[in-house]
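Worksheet: the structure to be examined is printed underneath.
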Amino acid sequence: MITIQREKWSDCIGQIMPMCQQVHDISERDIYGIPLDFDSELYQEAEDIGTFHCLVMRENGKPIGFHWIVMYLFPRLKEKKQAVSDAIFVDPAKRFHAKKLIEFSENYIKSNDCDFWALSTLEPEYRGEMWQKLGFNKSETILIKVM
């Protein structure tokens, strides 16, 4: 049975850490040149004030995917709220369930009164056509420079 719900980051991070590491290893590890190292206090603070949301998809209780969303008022567009995907990932062997996580996420974002949903994809795992079929429009290219 597949379930998806918001969970406290501190309660689930130990269980989803292998997937977090997979996301980091796709390209971030090489770009940043540093290992994954979460700021647990910052995640907790952001969750406590309602800007960080951790959605976890489970199959028979075992995590198979997650979506981390940051929601905030969008300063450039007065009184508009934006949701930004910090990370969204489904275990490659379970990707046939990915649509469930995306649909749940969209409904969750709408229920939190967000006007926009922004996400970026990691180049080696680019799925632009899939996202465009789901109603997303390509807006920006994200570049990173390590300082």
Side-chain angles (χ1 to χ4, degrees), residues 1-29 31-32 36-144:
M1 178 169 88
I2 301 297
T3 60
I4 306 167
Q5 63 183 17
R6 181 177 181 185
E7 297 185 20
K8 289 186 68 169
W9 185 86
S10 59
D11 292 344
C12 68
I13 188 60
Q15 295 175 355
I16 65 173
M17 190 58 172
M19 289 186 289
C20 296
Q21 189 64 55
Q22 282 183 277
V23 171
H24 185 71
D25 291 349
I26 291 171
S27 67
E28 292 173 333
R29 178 191 62 211
I31 289 171
Y32 298 127
L36 190 58
D37 185 21
F38 291 126
D39 185 335
S40 299
E41 290 179 17
L42 187 56
Y43 273 106
Q44 188 61 57
E45 180 182 308
E47 193 169 54
D48 290 346
I49 64 171
T51 58
F52 177 75
H53 304 252
C54 177
L55 306 181
V56 180
M57 180 166 62
R58 296 176 179 271
E59 183 177 51
N60 300 320
K62 181 183 178 213
I64 61 167
F66 69 93
H67 187 189
W68 292 348
I69 309 165
V70 178
M71 298 180 189
Y72 58 91
L73 289 172
F74 198 29
R76 276 196 320 255
L77 300 171
K78 190 175 183 178
E79 297 180 14
K80 298 296 181 187
K81 189 175 177 184
Q82 178 165 271
V84 177
S85 293
D86 177 48
I88 185 168
F89 183 81
V90 176
D91 182 294
K94 304 292 183 172
R95 291 256 163 94
F96 52 91
H97 292 302
K99 187 175 180 184
K100 291 176 185 171
L101 180 58
I102 294 166
E103 289 173 350
F104 183 92
S105 296
E106 182 168 356
N107 289 329
Y108 183 85
I109 289 167
K110 285 178 183 177
S111 74
N112 278 274
D113 300 320
C114 289
D115 299 285
F116 312 105
W117 176 7
L119 61 86
S120 59
T121 63
L122 298 173
E123 194 64 32
E125 297 292 325
Y126 184 71
R127 303 277 191 271
E129 286 184 24
M130 177 196 77
W131 291 109
Q132 288 173 346
K133 285 179 184 175
L134 294 170
F136 286 81
N137 294 305
K138 189 172 182 179
S139 173
E140 299 176 3
T141 300
I142 297 174
L143 304 169
I144 295 172

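This structure is a prediction, so every number in the text was calculated from the model and none was measured.
- Between atom CD of residue E79 and atom CG of residue L73 there is a gap of 9.0 Å, rounded to the nearest 0.5 Å.
- In this structure the side chain of C12 reaches within 4.5 angstrom of the side chain of R58, judged on heavy atoms.
- Put simply, the side chain of Y72 reaches to within 4.5 Å of the side chain of V84, judged on heavy atoms.
- Taking the six-membered ring where the residue is Trp, W9 and F38 present perpendicular rings, their angle passing 60° and hence far from 30°.
- Using a 4.5 Å cut-off on side-chain heavy atoms (C-beta onward), E41 and E45 make no contact.
- Under the 4.5 Å side-chain criterion, counting only non-hydrogen atoms from C-beta, I16 is in contact with W68.
- Scanning both residues, R95 and F89, for their nearest heavy atoms gives NH2-CE1, 3.4 Å.
- Scanning both residues, G65 and L101, for their nearest heavy atoms gives C-CD2, 4.5 Å.
- The only member of I2, I4, T3 that meets side-chain contact (heavy atoms from CB on, under 4.5 Å) when paired with F104 is I4.
- Put simply, the side chain of N60 gets close to the backbone of M1: a donor and an acceptor are under 3.5 Å apart.
- Put simply, NE2 on H53 and OG on S105 are 11.5 Å apart, with the number rounded to the nearest 0.5 Å.
- For the pair Q82 and R76, the minimum side-chain heavy-atom distance is 4.5 Å or more.
- Judged by distance alone, the side chain of R29 and the main-chain N or O of L36 form no donor-acceptor pair under 3.5 Å.
- A 4.5 Å side-chain heavy-atom check between M71 and T51 finds every atom pair outside the cut-off.
- Formation of a donor-acceptor pair under 3.5 Å by the K81 side chain with backbone atoms of N112 is found in this model.
- Within the 4.5 Å cutoff, no side-chain heavy atoms of Q15 are placed close to those of F66.
- Side chains of Y43 and I13 form no contact here, defined as non-hydrogen atoms less than 4.5 Å apart.
- If you take NZ on K100 and CD1 on I64, they are separated by 8.0 Å, rounding to the nearest 0.5 Å.
- Atoms CD1 and CD1, on I109 and I69 in that order, are 4.0 Å from each other to the nearest 0.5 Å.
- The closest side-chain donor-acceptor pair between E103 and N107, if any, does not fall under 3.5 angstrom.
- Between V23 and E28 the shortest heavy-atom distance is O-OE1, 4.2 Å.
- Considering CD of Q5 and SG of C54, their distance stands at 10.5 Å, rounded to 0.5 Å.
- We find the NE2-CD distance between H97 and E59 to be 4.5 Å, quoted to the nearest 0.5 Å.
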